[in-house]
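Residue indices begin at 1 and follow the sequence shown.
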Amino acid sequence: MRLLEKTNRIYLLFSVILYLATALAFYGIIKWLIYDEVENRLLVEKRDFQLYIQHYGWTANSYFVENKIEVELGSVPSGFKESFKDTLIEDRYTQKLVPFRQLTFYESIKGVEHRVAIRKSMIQSYRLMEAITFTMATVLALLLAGTYWFQDRLSGRIWQPFYETLSRIKQFDLVRGQHLQLDQPDIIEFRELNEVLQKMSDQILHDYLHLKEFTENASHELQTPLALITAKVEELIQSEHLTENQTRWIQTIYEASLRMSRLYQGLLLLARIENRQFANEQPINLSDQLLERLRDMEELFQYKGIRLHTNIDAPFWVNLPPVLAENLITNLVSNALRHNVPQGEIWLYATDSDLCLSNTGHPLQNAPKDLFSRFKKEGVSSESVGLGLSIVKEICDQYGLQIHYTEQEGIHKFCLSNKTVVA
């Protein structure tokens, strides 16, 4: 939910509650005012009645209109107080019950106590209350709707610079090497935000370009001496005038130079992946490529006594640069082969959303969470520099894939899954 939607909903909820409370309070005030007016009129009628009976007494033909006053014999109950109440009386013309407000009191007429009830019709008062309440409720509802509409439009205009900034940040791409260009809005907070983001993006782009330059220089400057060392050591190994100790030392140097070369290439590849320096992303059927790689290694599997099982229900498509797809496959297959056991097995399973490569192997020596850490190796083999699975994990993280590892009864399974299936 967007911020504006959230604030507008909160504002609307608060406004509705305030509207209902105001409407109820207004209705209560109007009702109190009308009842107060009616009761004051009843008190005036009471005084008129008292003056009338003092001068003329009370007869059945008195001037008071029918149903307006009722007089009957009765003694005053203990604790009685003059009171008002609502009552219903049947209209003699329509035979419908009509609401009245009634004042009840006791009055002495010619020395005899009488119970007197003076009534006043509430029909017109109720109609007035309904008209006033409906009018005010309509006005309040229109005011609420108009205020909400204005608030929504005003908020959209006020927050427009923020959404413009957000859109440009989403389009910002370090690989293109273009600076982020942000406006200078009139609102101080948004202008300060853009200034901070502008400064931050310039610094990030500056660091990225320098890191890219360093990576390219390291690739060029380190590759040549490493190749030279390897070549010279190979020449020394072929020399006929070496002692056994010299041959062993040179062999050690040669293995170390090869290991250094692999380490350098792995770290360089990781840096390039992190910096998104690989272009030409395209849909790749990873399951078919992995199956092809496994079949190309069939002779090696036979030599090591490893049996291959495949079950591809559907192609597993991903969006990857071809060189990274090749590297991902190479590291997965190399890991399954290197950590297998004699007369072991390898399983390939694929659907449109999952690709799993499993292999038999020895129990883990490290925690499963450390498998994808850099320089974490299983065993002491000098062939591995501990970067293969780190490279696989980095490729997955950068290109929308997920990788999971599970182990059960000596079967080690690595599964890739698509966050978004490629059509």
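The two residues Pro161 and Pro185 make their nearest non-hydrogen contact at CB-CB, 3.8 Å. Closest approach of Ser125 and Ile34 over heavy atoms only: CB-CG2, 3.5 Å. Contact between Leu294 and Phe301 at its shortest, heavy atoms only, is O-CE1, 3.5 Å. Closest heavy-atom contact between Ser287 and Leu348: O-CD2, 4.4 Å. Residues Leu324 and Ile395 approach most closely at O-CD1, 3.7 Å, considering heavy atoms. Scanning both residues, Leu180 and Ser201, for their nearest heavy atoms gives CB-OG, 3.5 Å.
Arg191 places a side-chain N or O within donor-acceptor distance of the main-chain N or O of Asp186, the cut-off being under 3.5 Å. In this structure a side-chain-to-backbone donor-acceptor pair under 3.5 Å is missing from His206 to Asp202. Asn327 contributes no side-chain N or O that, together with a main-chain N or O of Val323, makes up a donor-acceptor pair within less than 3.5 Å. Remark: side-chain polar atoms of Asp36 are not paired, donor with acceptor, to backbone N or O of Trp32 under 3.5 angstrom. Formation of a donor-acceptor pair under 3.5 Å by the His412 side chain with backbone atoms of His362 is found in this model. Distance alone, capped at 3.5 Å, places no donor-acceptor pair between the Gln402 side chain and the Cys396 backbone. In this structure, Tyr19 contributes its side chain and Ala137 its backbone to a donor-acceptor pair below 3.5 Å. Between the Thr360 side chain and the Glu345 main chain, a donor and an acceptor come within less than 3.5 Å of each other. A distance-only check finds a donor-acceptor pair linking the side chain of Glu407 to the backbone of Gly410 [under 3.5 Å].
With contacts defined as side-chain heavy-atom distances shorter than 4.5 Å, the pair Val71/Phe49 qualifies. Residues Pro322 and Gln282 meet the side-chain proximity criterion, which asks for heavy atoms closer than 4.5 Å. Side-chain contact between Tyr148 and Ser15 is absent, with no heavy atoms from C-beta onward closer than 4.5 Å. The shortest distance between side-chain heavy atoms of Tyr349 and Ser358 does not fall below 4.5 Å. For the pair Lys413 and Gln408, the minimum side-chain heavy-atom distance is 4.5 Å or more. Taking the side chain as every heavy atom from C-beta outward, Val98 and Ile89 never approach each other to under 4.5 Å. Residues Tyr126 and Met129 are in side-chain contact: their nearest non-hydrogen atoms beyond the backbone lie under 4.5 Å apart. Put simply, the side chain of Ile187 does not reach to within 4.5 Å of the side chain of Phe162, judged on heavy atoms.
No more than 12 heavy atoms of other residues, nucleotides or ligands sit less than 6.0 Å from atom CZ of Arg295. The number of heavy-atom neighbours closer than 6.0 Å to CZ of Phe172, taken from other residues, nucleotides and ligands shown, is above 12. The 12-atom threshold is not exceeded at CD1 of Ile188, counting heavy atoms of other residues, nucleotides or ligands nearer than 6.0 Å. The 12-atom threshold is exceeded at CD of Glu72, counting heavy atoms of other residues, nucleotides or ligands nearer than 6.0 Å. Atom NE2 of His179 is surrounded by 12 or fewer heavy atoms from other residues, nucleotides or ligands within 6.0 Å.
No donor-acceptor contact under 3.5 angstrom links the side chains of Glu164 and Gln160, judged on distance only. At a cut-off of 3.5 Å, with distance as the only test, a side-chain donor of Asp207 or Gln203 sits close to an acceptor on the other residue.
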Exercise for the section: I would like to know whether Leu389 and Phe414 meet side chain to side chain contact (heavy atoms under 4.5 Å, CB included); could you show each step before the answer? Expected result: CA-CA 10 Å; Leu389 291 179; Phe414 292 87; 4.0 Å; yes

I would like to know whether Val44 and Asn40 meet side chain to side chain contact (heavy atoms under 4.5 Å, CB included); could you show each step before the answer?
CA-CA 6 Å; Val44 172; Asn40 286 331; 5.7 Å; no

*Steps toward side chain to side chain contact (heavy atoms under 4.5 Å, CB included) verdict (Leu103, Glu39)*: CA-CA 8 Å; Leu103 169 62; Glu39 290 172 359; over 6 Å; no

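Looking at residues two or more places apart in sequence or on another chain, you find a salt bridge (charged side-chain N to carboxylate O under 4.0 Å, His left out) between Asp183 and Arg168.
Using cut-offs of 30° and 60° on the angle between ring planes, the pair Trp347 and His309 is parallel. Relative orientation of the Trp159 and Tyr163 rings is tilted, given thresholds of 30° and 60° on the angle between their planes.
Put simply, CE on Met122 and CZ on Arg127 are 13.0 Å apart, with the number rounded to the nearest 0.5 Å. Ile346 contributes atom CD1, which lies 5.0 Å from atom CG of Asn340 (distance to the nearest 0.5 angstrom). For the atom pair CZ (Phe105) and CD1 (Ile118), the distance works out to 4.0 Å, reported to the nearest 0.5 Å. Atom CG in Leu290 sits 5.5 Å away from atom CG in Leu355 (nearest 0.5 Å). For the atom pair CG (Leu286) and CZ (Phe316), the distance works out to 6.5 Å, reported to the nearest 0.5 Å. Between the CG atom of Asp86 and the CZ atom of Phe100 there is a distance of 12.0 Å, given to the nearest 0.5 Å.
At a threshold of 4.0 Å, the pair Arg41-Glu37 counts as salt-bridged, since one of the basic side-chain nitrogens sits closer than that to a carboxylate oxygen.
None of Glu298, Met297, Gln302 except one satisfies the side chain to side chain contact (heavy atoms under 4.5 Å, CB included) rule with Leu300; the exception is Met297.
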